[in-house]
Amino acid sequence: MSHLILKDINKIYPNGFHAVHNFNLAVEKGEFIVFVGPSGCGKSTTLRMIAGLEDISKGELLIDGERANEWGPREREVAMVFQSYALYPQMTVFDNIAFGLELMGVDEDEIDRRVKNTAEILGLTEYLDRLPRALSGGQRQRVAIGRAIVRKVGIFLMDEPLSNLDAKQRVTMRSEIAQIHRNTGATTIYVTHDQTEAMTLADRIVVMKDGYVQQVGTPKELYFEPVNVFVAGFIGEPPMNFLRDTLTDGCMRFGEQKIDLRKKPGARIAEYEGREIILGFRPEAVSMQPVPDACALTANVELTEMLGDNANVYIEKDGARAILKTTPFEMPETDTEITFYVPYSQIYLFDGETEYVIQ
Ligand code: ATP
């Protein structure tokens, strides 16, 4: 039996706005699930329904096989970490972490032991007497996480916990969260709009858009087997390149140059002849040297971005544009003409109307 099951969950706010549509997911014990998607897609609403902070309008939430829709937040044995930290400003770090245990009536010695143990795990031992205002953003976030893990609940819910940190702190805290998850083994649901956080932390990712789940899968599945243009474009940085064209004689065009899709193994394109399709290829899937079974294309270099470990190359040909990712050693000069190679196996095809992948 899965630890947590969401069955056709819907949220309709009192003003009539339908924020979440038929959300289905079974979460195994100890799994790290990330909800990802653009602002307003319903990630937080879904998390808050799991937490018991928001009513479920339709559908069923099961925790360890039991219907939990009517349970209060405490009965659900979940701990939530918010983006805002939500620390009590007048309480020390120790008291902030201890507060939940005091409410639960845990005895003083046990509280002392558990708070100190948690502080140790999170590197907060030397700050236990400080007030939140005397801490950095990263340290405050650690206290917020400490408050959640000290309760030793089975389900850990995190809503954009890193969004108030600077870029460097985010990377550090990201690996700390992964480490904490390994140590506690708690089932975790984590909300973010950052695909890098999603890809690095998740066992499985749920991609959402406009209140609908688009795809559920491991980071690898989402990267290699996106079901639609939205998921394909959301996962990966820079995003996948898309070319929209009418399929003519089995070919698509990049500018005026033909890409012969009959050379793509297993491409089921016959029924698309004369219809619009979307061709996608990832910036990092191209090669700057000839490779077997690849389509050779030429283009002009409009702009380059040297990032150190790689470079982004913005190209244009007859009005068609794309971004290529190269090693820093291969980065071409701006305003030169280059030839690049797109392996047919790395080409994705989507229905121009539904934007779903052509199997
Ligand atoms: P963000 O990343 O910006 O937090 P999100 O994906 O978490 O976005 P939600 O906060 O779940 O999105 O909101 C989903 C949709 O529901 C949004 O369009 C939002 O405006 C709407 N919404 C949220 N709360 C309410 C409310 N109390 N009443 C009506 N609509 C709401």
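Both ligands and their constituent atoms are indexed starting at 1 by order of listing. We use all heavy atoms of the structure for the numbers below, so side chains are in, but hydrogens, waters and symmetry mates are not.
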Would you mind checking which non-hydrogen protein atom is closest to atom 10 (O) of ligand 1, with the distance to 0.1 Å?
S44 CB, 3.7 Å
Among all the protein's non-hydrogen atoms, which is closest to atom 14 (C) of ligand 1, and how far away is it?
G40 O, 3.4 Å
Are F254 and F281 close enough that their ring centers fall under 6.0 Å?
no
If you scan protein heavy atoms around atom 9 (P) of ligand 1, the nearest is T45 OG1, 3.5 Å
Has E160 got any heavy atom lying under 4.0 angstrom from an atom of ligand 1?
yes
Counting non-hydrogen protein atoms only, what is the nearest one to atom 18 (O) of ligand 1? Give residue, atom name and distance.
F17 CE2, 3.5 Å
If you measure from CG on D210 to NE2 on H21, what distance do you get to the nearest 0.5 Å?
8.0 Å
Which part of M208 is near ligand 1, with near meaning a heavy atom under 4.0 Å away: side chain, backbone, both or neither?
neither
Check ligand 1 against N15 and write out every atom of the ligand that is under 4.0 Å from a heavy-atom position of the residue.
29 (C)
Give me the residue, atom name and distance of the protein heavy atom closest to atom 22 (N) of ligand 1.
Y13 CE1, 3.4 Å
Sub-4.0 Å heavy-atom approach of G37 to ligand 1
no
Ligand 1 N/O within reach of G42 N/O, cut-off under 3.5 Å:
yes
Ignoring hydrogens, tell whether any protein atom lies closer than 4.0 Å to atom 20 (O) of ligand 1; use the non-hydrogen atoms only.
no
Would you please say whether a donor-acceptor pair under 3.5 Å links the side chains of T298 and Q257?
yes
At under 4.0 Å between heavy atoms, which part of H193 makes contact with ligand 1: side chain, backbone, both or neither?
neither
When you measure from the side chain of K264 to the backbone of Q346, do you find a donor-acceptor pair of N or O atoms at a distance under 3.5 Å?
no
Would you verify whether the NZ or CZ of R130 falls within 45 degrees of the ring axis of Y127 while also being under 6.0 Å from that six-membered ring's centre?
no
So which heavy atom in the protein is nearest atom 2 (O) of ligand 1, and how far is it from that ligand atom?
K43 NZ, 2.9 Å
Polar side chain donor-acceptor pair, N228 to Q214, under 3.5 angstrom
yes
Evaluate the ring pair (Phe, Tyr, Trp, His ring centres under 6.0 Å) criterion for residues F230 and Y212: first the C-alpha distance (whole Å), next the side-chain angles of each, then the deciding distance (0.1 Å), finally the verdict.
CA-CA 12 Å; F230 180 78; Y212 288 91; over 10 Å; no
Just by distance, with hydrogens left out, do R142 and Q139 show a side-chain donor and acceptor under 3.5 Å apart?
no
Just checking, any donor-acceptor pair under 3.5 angstrom between side chains of Y344 and D260?
no
Atom 3 (O) of ligand 1: closest protein heavy atom, distance to 0.1 Å, is S39 OG, 2.6 Å
